[in-house]
Every structure is written in structure tokens, then in C-alpha cells.
Amino acid sequence: MELSKNYEPSLVEDKWYSHWMAKKYFKSVPDSRKAYTVVIPPPNVTGVLHMGHTLNETVQDILVRRARMNGYNACWVPGSDHASIATEAKVVAMLKDRGIEKNSLSREEFLKYAFEWKEKYGNIIYGQIAKLGCSVDWDRVSFTMDNEYFAAVIKVFVDLYKKGLIYRGARMINWDVVAKTALSDEEVEYKDVTSKLYYVKYKVENEDDYISIATQRPETIMGDTGVCVNPHDERYTHLVGKKVIVPLINKAVPVITDDYIDKNFGTGVLKITPAHDINDYNIGLKHNLAVIDVLNEDGTLSQEAQILVGEERFEARKKVVELLKDAGLLIKEEIYDSRLGYSQRTNSVVEPKISTQWFVKIKELAQPALNAVLSGDINIHPGEKFLATYKYWLENVKDWCISRQLWWGQQIPAWYDDEGRFAVAENEEKAKKIFNTQYAIPNAHLKRDEDVLDTWFSSWLWPMQVFKGITAPGNTDINYYYPTSVLVTGQDIIFFWVARMIMAGMEFKNEKPFSDVYFTGMVRDKQGRKMSKQLGNSPDLLELIEKYGADAVRFGIMISSPAGNDLLFDESSLEQGRNFNNKVWNALKLIKIWQNKSVEESGIPSKEDNDFAVHWFEERLNEVKTNIEILISQFRLSEALKQLYSLIWDDFCSWYLEWIKPGFDQTLSKQKIAKTLYFFEELMQLLHPFMPFITEEIYHQLKERDDDLTVKQSSGIHDKNQALLKKGSLLKQAITAVRDARNKHQLKFANKIDLAIQTEHKVNYNGIQNILCKQVNAGSFRFEEASGGITVVVNADKFFIETENKIDQSFQKEKLLKDLEHLKGFLISLAKKLANDKFVANAKPEVIELERKKKTDTHDKIAAIEQSLRQIEAGI
RNA sequence: GGGAGCAUAGCUCAGUUGGUUUAGAGCAUCUGCCUUACAAGCAGAGGGUCCGCGGUUCGAACCCGUGUGCUCCCACCA
């Protein structure tokens with residue numbers, strides 16, 4: 001069959017993915033081999049994959065495919081996350097578009113819609129993962145709300161409660177007024193904002209005096225239950241113990257003292273609003289102040305506010321300011337820069353709010369998680385960058401608020417009776433039993449907690465739960481696959497997810513969930529913004545695959561993104577990937593042409609004077625193979641890909657194939673073709689984890705075969721032969737130098753030249769003369785000192801390029817003089833270095849040896865150039 | 001307020017135990033090529049005070065300090 005002019009991914013990709021699936025290559029079943037396990041960071045079912053996911057999945061696929069080819073039982077578990085609050089927000093918005101209000105639905109009706117949403121978007125995501133070529137085991141797809149998973153989350157909740165690690169209590173939490181739910185600290189994002197500081201008069205009770213208090217949130221003054229100053233602030237000592245009047249509602253509140261107050265900030269007086277600020281809350285607790293919540297759950301003013309009831313909070317702020325002005329109680333306004341917390345999901349300003357919620361006591365879980373990393377049991381890549389962050393967070397982490405006032409998620413397994421007593425159990429029946437034994441209430445009338453759990457309370461079980469390990473004791477998968485090998489994820493969820501998975505692993509399995517963590521950087525747009533669905537600044541993955549092919553997308557995203565480094569996404573690297581595909585494709589076409597020619601036995605066999613090329617390339621291949629082995633074990637994937645790219649494009653295509661290329665009327669010997677096929681196959685095998693589709697296609701194009709590259713086991717490597725590599729680089733240098741000279745002197749390639757070489761080391765040219773001549777179109781080659789023509793110096797050898805054409809000597813003289821100047825300077829620096837006793841005394845022997853060699857070489861080169869210059873002078 | 005990271009060619013980035021006055025790649029630029037695999041290509045070329053300053057060292061893009069600029073994380077200053 002005729003091969004297409006350019007590589008066409010669309011003709012290849014789906015075909016091979018279906019084939020791999022049909023052959024069940026990605027399916028993993030426990031066996032006698034060692035497992036290499038990866039669990040995918042489950043994408044949220046809120047939408048589609050962006051470039052950050054693409055980078056993530058590509059890294060995982062490279063590691064997994066490579067492990068598979070190295071004889072491991074590779075298992076990559078796909079799945080998705082229900083993403084409680086994010087998805088619920090999406091579903092609510094979707095319903096609204098259809099004219100349906102969430103609160104007009106029952107819980108069950110709402111969940112039906114939510115599951116429909118999950119089906120739709122979950123499948124889009126899975127489709128993208130497949131398009132990208134990910135070798136996941138589709139029989140193991142897991143979802144954080146699957147029945148078994150659901151049950152495991154509930155069981156974990158109950159267990160932790162029994163251990164006393166979960167409690168219910170009223171605490172100040174972060175409240176999202178749009179989603180009307182509590183948030184964990186980690187779900188709050190702080191942003192710099194410019195706001196105002198209002199200075200308000202608080203009159204002293206029964207006196208003419210007043211004090212000025214600065215506040216950012218005048219709308220909460222109705223919740224003030226005290227005013228606080230520093231005990232050592234003389235300005236206010238006379239007021240301590242007295243009362244001041246809260247403006248607008250004319251309520252008297254006490255003036256108290258606390259060391260917390262900074263005398264130098266604002267007016268040195270803080271109004272205490274315990275319901276709406278964490279500091280105020282703590283001070284209030286200490287001094288027994290009342291808590292008055294002036295906000296409703298939706299962020300409007302409550303009855304407690306007494307005035308402006310029902311007004312939205314920011315609207316209320318404006319109105320309060322107006323009222324204060326009218327009453328003559330506003331002293332001044334100041335522009336003020338501060339930071340405000342925003343809900344990660346709804347982007348609304350978060351309200352600190354006192355609320356009864358469920359919490360996990362995190363300190364006890366944190367210690368083992370910290371130890372696992374500090375002891376080196378778990379290795380983080382790149383370590384130096386994230387270790388400190390991880391440590392700091394775990395050492396300072398506060399209790400985790402896990403209840404959410406939502407429907408989409410695992411409903412909290414707690415049952416209440418009418419009097420507010422409650423029992424935690426897996427189901428209502430068990431809860432009833434607890435009521436019976438604990439409170440002596442048989443047949444209690446119970447109502448389940450309305451709230452669901454934080455989505456991370458389910459995803460922290462991911463590495464063990466995807467093997468159904470907790471709820472299915474008979475299932476031995478988990479023992480085989482756990483702990484998993486490597487976790488690949490973005491650095492932005494180190495606290496949300498990575499740290500908590502380690503906690504869960506240590507707590508529930510008494511073992512780490514993974515051995516290595518690979519943090520990818522953030523993929524950003526040209527303006528440096530993180531790519532996210534919210535911003536809509538990520539290109540569509542399927543469109544990119546359509547345009548460049550999946551292999552090119554994988555190549556482009558990998559080529560310059562070492563672990564942990566951010567990446568400004570640039571489509572030109574995808575173009576580079578596409579061009580690379582094409583290059584490989586064309587190499588295939590060339591080899592096939594040779595193959596066919598050889599089979600037909602037409603033409604004269606080539607002179608077989610190019611064995612050197614074969615030996616040399618074998619050596620280069622071996623060298624890069626070794627490097628890649630090391631690089632991948634260090635998780636330096638982009639560096640490995642880069643070496644491979646250069647090996648294929650430069651060494652294989654530009655050098656090797658040209659070196660062995662037969663003349664017009666010649667053919668290659670069968671052995672040489674076989675050898676070339678072998679090289680090409682090896683290259684494809686090395687490249688396969690990075691670019692699975694084209695490599696598989698080529699593997700089959702090269703030969704009719706029943707086996708597939710995807711599961712081909714890699715072969716070994718042998719010791720390096722430095723001499724061959726050195727000779728190869730001499731050959732390359734010589735060819736480039738002569739070609740350069742040709743270019744400079746406008747000697748077209750078609751103009752044959754004669755080559756004379758003056759060298760002390762004729763042996764260096766053994767076996768490469770013919771290649772050299774062919775590559776520079778030289779008609780003859782001899783060892784001899786010559787004159788006239790063009791002289792170039794390669795190492796210390798002088799090349800005389802003889803030609804019929806007239807040569808302008810000034811060009812080469814200029815070049816030689818430039819080289820000479822440089823080499824002389826170099827020689828001086830070398831001489832200085834070697835004359836330095838300290839250098840000779842301190843440097844490693846091999847370094848000194850190298851410097852000495854350099855000196856001799858440079859010396860020889862200079863001599864050669866000087867001689868050439870003399871000859872040119874004489875010639876002119 | 002605390003902490004981390006980054007600063008290398010016009011652009012996007014590599015450069016992992018400090019060792020060539022000569023620091024790499026892709027894109028872009030320049031020169032020459034429709035050379036029978038590839039113009040998404042071939043053969044070459046040009047382009048860099050490795051952010052500034054100081055230090056350690058025989059030797060620094062790399063280690064230390066400091067300054068500047070950018071990014072990120074954490075934190076309860078009204």
C-alpha cells in the first residue's frame with residue numbers, strides 16, 4: 001500500500017486504540033509479576049479536560065507504558081470525582097436555565113438530575129482520556145459516588161467518629177452565601193482588594209465623649225457586643241469598664257481590654273462583632289460577650305440586625321454608611337488595601353459564620369503523614385520545592401470542616417431525634433439500636449442529617465478505594481496493588497488531596513498510598529494565568545488532537561515541562577510535535593523504499609563501505625538508551641524525550657540514514673536493511689511511551705506481524721564504546737566544516753571537489769573516508785599536504801578542498817584569523833590554569849588530564865591554522 | 001506578616017553531584033537549496049554582560065549573601 005505523503009494521525013489513532021482495547025492490553029489482573037500501579041487523579045465531572053489534565057495524563061501514561069514494557073504488571077485506574085459543591089453549583093445553574101429552582105425539587109429528584117449530569121460529563125472526560133491514548137484499565141473505572149465507594153466513605157466516617165476523631169460542634173467556619181454551605185479553610189481563596197475603612201463615632205454612655213472606631217464592615221455593627229482596647233493604651237484607660245452606644249440601634253456595649261489589640265492600628269479601638277469575625281469571636285469567647293448574627297444564610301441582613309432587614313450585605317453596607325452620615329456619626333472614610341476570602345467554587349465573598357458542623361480532628365492524622373514523607377518512605381518530585389510547604393501545612397493544620405449544606409455527595413450518617421440527640425452509624429437501623437442502648441429509647445423517631453460530606457472526604461480514599469479494598473474483604477486486589485507506585489498531580493492540590501490521601505493511607509491501611517509523588521507545574525496561558533475552565537482560557541483538547549494529532553499534543557506538552565515547573569502553553573511546541581511525527585513517518589517511507597528495492601534485487605548492491613555508520617549508530621542508540629533509563633528513573637521525562645528527539649531527528653535521520661543511503665543505481669544489502677529496521681524498531685520502542693500511536697503504526701508498517709509494540713518488552717543495554725562515538729563526532733565535524741566552507745564560497749553541492757587531508761592521525765579516518773566523501777560530494781580523497789583551494793581546520797587536521805572553481809581567499813583567511821584569535825586566547829587561559837599550583841593540587845586528576853589534553857590539542861590546532869595562513873599568503 | 005519559587009538568545013523553555021576564553025533546543029531571523037523520505041523539509045549561519053552587586057573556590061549560569069523584578073503558597077490585624 002502506498003504510504004501517505006504526510007503522517008495522518010486520524011487514520012491511525014482510533015484504529016490502534018481500538019486494537020489495544022480488543023487485545024485487553026491495558027487490563028490488569030494480579031499475577032506473579034511486580035505491580036506498577038497508578039491511580040488517575042479523578043477529574044471533576046464539572047466539565048471537560050483542560051491542558052493541565054493533558055499534561056497530567058500524559059506523564060502518567062508515559063510512566064505506565066514504560067513500566068508495562070519493562071515487564072511490570074501495569075495498572076492504571078481511571079475514574080472521576082463527583083466534586084460535590086462544584087458539580088452541585090453547575091447542576092443548579094443548569095436547572096435554572098431550564099426554569100427549575102433547586103428548592104422546588106425533592107432531594108431525590110435533584111440527585112436524579114445530578115446523576116444525569118455526571119453521566120454526560122463523565123463520559124466526555126473518559127472519551128478525551130482515550131483520545132489522548134491513555135492506557136488505563138477501563139474495567140476498573142471508579143467514581144467517588146459508586147455504591148461501594150459511597151459505603152466506604154460512610155464506613156470511614158463512622159470509624160473515625162468511634163475513634164473520637166470526628167466531632168460535631170459550633171465553630172466559626174467559612175460560609176458561602178451563594179451555595180449556602182460551609183467550606184473548609186482550603187476552599188477559600190484570598191484575593192487582594194481595595195476596600196474602605198470607615199471611622200465611626202461610638203458615643204460613651206451618659207457622657208458627651210465619644211470614641212472613633214475603624215471598621216471595614218459597617219453593615220455588621222448591629223452585631224457589636226463590645227468594644228475593645230489595649231490594656232496599656234492610656235488614651236482609653238478612662239473608658240474601660242464604661243459602656244459605649246452602638247450607632248443606629250442605640251445599644252450599650254461594654255468597653256473591655258485585650259492584649260490582642262494593636263495600639264497603633266486605626267484608632268486603637270476594635271469593635272467586637274463575635275458572629276462575623278474569627279478574632280472577634282475568640283475575644284468574645286474570652287470575655288463572655290454575646291453573639292449576635294446579623295446575617296442570614298444567603299448573606300442578607302437578618303431580623304437580629306433590627307434595621308435594613310432583608311437587604312443584601314453589600315447593599316446594606318452602602319445604606320448603613322448613608323445612615324451613619326445622616327446621623328453625623330461617620331468621621332471619615334479611608335482607602336484601604338486588604339485581603340478578602342472568596343469561595344473557590346462560587347467566587348463569592350466568604351462570610352465567617354458560627355455554625356454547627358462536623359469536623360475531623362486533624363492533628364492526630366497529620367503526624368504519621370508527615371513522618372511518611374520526612375522519613376523518605378514517600379518521595380516527592382521535585383522534592384526540594386515542595387517538602388517545606390508540605391511540612392509547614394501539616395504542622396499547622398487546623399481541624400477540617402467536612403459537612404456541606406448540599407445534596408450532591410455522601411449524606412452524613414448521623415441520625416437525630418426530635419430533641420437533638422444523635423447517633424452516628426452506617427444506617428438508620430443501627431442508629432436506632434444506638435438510641436436504644438445509649439439513651440434507652442426504643443424505636444426512636446429519627447431524622448437523618450441533611451448535610452453531605454466534603455468531596456475531599458471521599459477522594460482522600462481514592463488510592464485504596466479504587467481497588468474496593470475497604471468494603472470487600474474477599475477482594476485481594478488491594479493487597480496486590482497497594483501501595484500504588486506513583487501519584488502524578490498538580491502542585492495546587494497538595495493540601496486538598498495529596499496530604500489527606502497520605503493521612504488516610506496511614507490511618508486506614510497503616511501504609512503509605514504511593515511511593516512517589518510527581519508534581520507537574522501549572523499550565524498557564526500566554527498571560528501567565530492558570531488554565532482553568534472558569535477562565536475559559538484553555539484550548540479544547542479534542543480540537544488540538546484533531547489539528548495536530550494526539551502524539552503531537554503529548555509531545556508538545558511534555559517537551560519542555562520538567563516536574564514542578566510551570567509552563568506557558570504555546571501551540572508552537574505542538575507544531576514541533578507534529579513535524580516530528582512527520583519526520584518519523586518519512587523515515588519510514590525511505591526505509592520501505594530501500595526494502596522494496598532490495599527485495600526486487602534491481603540495481604547493483606552498494607559498495608558496503610559504510611559499516612561504520614551501523615556500528616556508530618548502534619553505539620549512539622545504546623548511549624541514549626542508557627541515559628533515558630536513568631532520566632526516567634529520576635522522573636526527568638522532558639529531558640528523556642528531548643534526547644530521544646535529537647537521537648531520532650539528528651543522529652538517525654540526518655546522519656545515519658544519509659550515511660548509509662545507497663547511490664542512484666545501488667541497493668543496500670539485506671543485512672544492512674535488517675540492521676536499519678532493527679534500529680528503527682528500537683527507536684520506536686523507546687519513543688512508544690511518549691507517542692504511542694505513530695510508533696505502533698510504524699512497528700506494523702515495518703513488517704507484517706502479530707505482536708504489538710505496546711506490550712513489547714524492552715531489551716538490554718551494553719557497555720559504551722567511547723572510541724566509536726568519538727569517531728562519529730569527528731566525522732560529523734568534518735562534514736559540517738566542509739559543507740560550511742562550500743556555503744561560504746558559494747560552491748554548490750553539485751560541484752565536485754577533491755579532498756586532501758594533512759593529519760598526524762590517519763588512523764582516525766579509517767572506515768569513514770567514503771562516508772565523508774559522499775556527504776561533501778568529494779570525488780577523491782588523499783592524505784597529503786596541498787595548497788590552493790580552500791583550507792579548513794578540523795581539530796588539528798587540515799582539510800584542503802580542491803575545486804575547479806575560482807576561490808576567493810579572503811573569506812577563509814578571515815575565518816582562519818577569527819579562529820586563531822579565539823584559540824590563542826583559549827590557550828592562554830589553559831596555560832594559566834595549568835600553571836596554577838592550586839589548580840594542579842586541588843582539581844581531580846581526570847580534570848587535569850582533560851585540561852592538558854585540551855592544551856595539546858589547541859596547540860596543534862593553532863599550528864595547523866598558522867600554517868594554513870602562511871600558505872594562503874604565499875598563494876596570493 | 002511568614003515562606004517558597006522563578007529571572008539564560010527576539011519569543012517559549014532546557015541546562016541535577018561547580019571543570020572547554022566556544023552555555024543548548026524549538027519557533028522567529030539571514031544565506032543557499034523543488035538533492036529521487038520529508039518545504040511540516042535539507043545544508044549552513046547569525047544571535048546570549050546566563051537579572052545587578054558582593055562572596056566562597058584553582059575554577060561559578062550552577063554554591064553562599066544581598067539588591068531589584070515577577071509568580072505562587074500560607075497567616076485572625078480592625
Side-chain angles (χ1 to χ4, degrees), chain A residues 3 5-7 172 190 197 213-217 228 260-262 265-273 277-282 336 338-339 352 382 384-386 388-389 392-393 396 491-492 494-495 522 524 526 528 530 556 559-562 564-570 572-573 575-576 578-594 634 636 638-639 642 645-646 653-654 657-658 661 664 735-736 739-744 746 748-750 777 822-830 832-833 836-844 846-848 850-851 854 857-858:
Chain A
L3 292 174
K5 183 171 183 308
N6 287 335
Y7 174 62
M172 183 152 274
Y190 289 88
L197 208 51
I213 302 181
T215 178
Q216 274 192 85
R217 306 201 56 192
C228 193
Y260 169 78
I261 307 301
D262 179 352
F265 191 89
T267 58
V269 188
L270 177 66
K271 72 188 190 70
I272 306 297
T273 322
D277 186 279
I278 181 69
N279 302 305
D280 294 18
Y281 177 71
N282 290 333
Y336 182 67
S338 67
R339 284 174 76 75
E384 65 285 358
K385 209 161 165 175
F386 297 110
T389 318
Y392 183 86
W393 188 77
N396 295 281
Q491 52 181 278
D492 51 338
I494 182 168
F495 308 133
M522 298 286 98
R524 300 176 184 282
K526 284 257 165 68
K530 194 157 97 180
I559 191 66
S560 55
S561 55
N565 278 20
D566 286 3
L567 172 77
L568 296 195
F569 181 71
D570 188 352
S572 74
S573 65
E575 225 170 281
Q576 190 186 352
R578 182 197 58 187
N579 294 354
F580 184 39
N581 273 330
N582 212 34
K583 188 72 183 174
V584 173
W585 186 248
N586 278 293
L588 168 73
K589 273 159 60 184
L590 178 64
I591 292 169
K592 291 210 70 135
I593 290 169
W594 291 346
Q634 298 168 332
R636 296 174 61 193
S638 61
E639 185 59 30
K642 219 176 271 187
Y645 173 80
S646 159
C653 293
S654 297
L657 290 180
E658 294 299 332
K661 194 180 244 176
F664 290 101
I735 292 169
T736 303
R739 282 173 176 171
D740 183 27
R742 274 177 164 283
N743 253 333
K744 288 266 154 60
Q746 289 160 328
K748 301 208 165 178
F749 190 79
N777 195 22
H822 166 250
L823 286 170
K824 278 186 168 166
F826 186 38
L827 188 65
I828 290 167
S829 82
L830 284 171
K832 236 194 232 166
K833 195 183 267 190
N836 185 332
D837 295 340
K838 286 184 179 167
F839 171 72
V840 180
N842 293 323
K844 279 182 268 183
E846 59 265 34
V847 172
I848 296 170
L850 196 69
E851 296 296 311
K854 275 189 236 164
D857 290 351
T858 311

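Listed candidates were G26(B), C58(B), A37(B). Nearest to the side chain of Gln576(A) is G26(B). For Tyr645(A), taking side-chain heavy atoms from C-beta onward, the closest of the listed nucleotides G26(B), C13(B), A40(B) is G26(B). In this structure, the nucleotide among G19(B), C58(B), U12(B) sitting nearest to the side chain of Leu568(A) is U12(B). When each of A40(B), U20(B), A37(B) is scored by its nearest atom to the side-chain atoms of Leu657(A), the top-ranked nucleotide is A37(B).
Other residues, nucleotides and ligands place no more than 12 heavy atoms under 6.0 Å from the CD atom of Gln746(A).
Base contact: Lys661(A) has a heavy atom under 4.0 Å from a base atom. If you check every strand for non-hydrogen atoms under 4.0 Å, Ile559(A) touches nothing. Residue-level contact check: Asn842(A) touches the bases, meaning some heavy atom is under 4.0 Å from a base atom. Counting any heavy atom pair closer than 4.0 Å across all strands shown, Asp280(A) reaches no nucleic acid atom. No contact: Glu575(A) has no heavy atom under 4.0 Å from any strand. Within the 4.0 angstrom heavy-atom criterion, only backbone atoms of the sugar-phosphate kind lie near Lys5(A); the bases stay farther away. Note on Cys653(A): a base of the nucleic acid sits closer than 4.0 angstrom, heavy atoms only.
Note that CZ of Phe386(A) and CD1 of Ile494(A) are 6.5 Å apart. Values are rounded to the nearest 0.5 Å. In this structure, CG on Leu567(A) lies 10.0 Å from OG on Ser638(A), to the nearest 0.5 angstrom.
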Can you check each nucleotide of nucleotides 69-78 of chain B against protein heavy atoms at under 4.0 Å and return B for base, S for sugar-phosphate only, - for none, in 5' to 3' order? ----SSBBBB

Any chance you could list the contact pattern along nucleotides 42-48 of chain B? Use B for base contacts, S for sugar-phosphate-only contacts and - for none, protein heavy atoms under 4.0 Å, 5' to 3'. SBSS---

Output field dot_bracket for RNA chain B (Watson-Crick or G-U, both distances under 3.5 Å, | for other-strand pairs) contains (((((((..((((.....[....)))).(((((.......))))).....(((((..]....))))))))))))....

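Proximity of Asn777(A) to Arg742(A): side-chain heavy atoms (C-beta onward) are separated by under 4.5 Å at one or more points. Between Ile261(A) and Cys228(A) the shortest side-chain heavy-atom distance falls below 4.5 Å. Between Leu270(A) and Phe265(A) the shortest side-chain heavy-atom distance does not fall below 4.5 Å. Residues Arg578(A) and Tyr7(A) form no side-chain contact, since every pair of their non-hydrogen atoms from C-beta on lies 4.5 Å or further apart.
Taking the C1' atoms as reference points, U17(B) lies 25 Å from U21(B), given to the whole Å. Here, G52(B) and A60(B) have their P atoms 15 Å apart, quoted to the whole Å. Nucleotides U68(B) and A78(B), compared at atom P, are 25 Å apart to the nearest Å.
In this model, the phosphate group of G15(B) is not approached by any side-chain N or O of Lys642(A) to a distance below 4.0 Å at OP1 or OP2. For the pair Asn579(A) and G26(B), the criterion of a side-chain N or O lying under 4.0 Å from OP1 or OP2 is not met.
Comparing Ala843(A) and Lys838(A) along RNA chain B, the residue whose closest nucleotide (by nearest heavy atom) sits nearer the 5' end is Ala843(A).
Between Leu567(A) atom CG and G5(B) atom C1' the separation is 16 Å, expressed in whole Å. The separation between Glu639(A) atom CD and C13(B) atom P is 17 Å, rounded to whole Å. When rounded to the nearest whole Å, the span between CG of Asp570(A) and P of G10(B) equals 17 Å. At whole-Å resolution of the value, CG in Leu3(A) and P in C38(B) are 12 Å apart. Counting to the nearest Å, the P atom of A37(B) and the CG atom of Asn586(A) are 10 Å from each other. Atom-to-atom, CZ of Phe580(A) to C1' of A25(B) comes out at 13 Å; the value is rounded to the nearest Å.
Between the Arg524(A) side chain and the Phe569(A) main chain, no donor and acceptor come within less than 3.5 Å of each other. A donor-acceptor pair under 3.5 Å is formed between the side chain of Asn396(A) and the backbone N or O of Tyr392(A).
Partners of Lys642(A) under the side-chain hydrogen bond (donor to acceptor under 3.5 Å, both in side chains) rule, at least two apart in sequence or in another chain, do not exist in this structure. Judged as a side-chain hydrogen bond (donor to acceptor under 3.5 Å, both in side chains), and not counting sequence neighbours, the contacts of Lys589(A) are Asn586(A).
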Distances for protein N/O vs nucleotides 59-64 of chain B N/O pairs under 3.5 angstrom?
none

Show the numbers, then the answer: is there a side-chain contact (heavy atoms from CB on, under 4.5 Å) between Asp566(A) and Gln491(A)? CA-CA 10 Å; Asp566(A) 286 3; Gln491(A) 52 181 278; 3.6 Å; yes

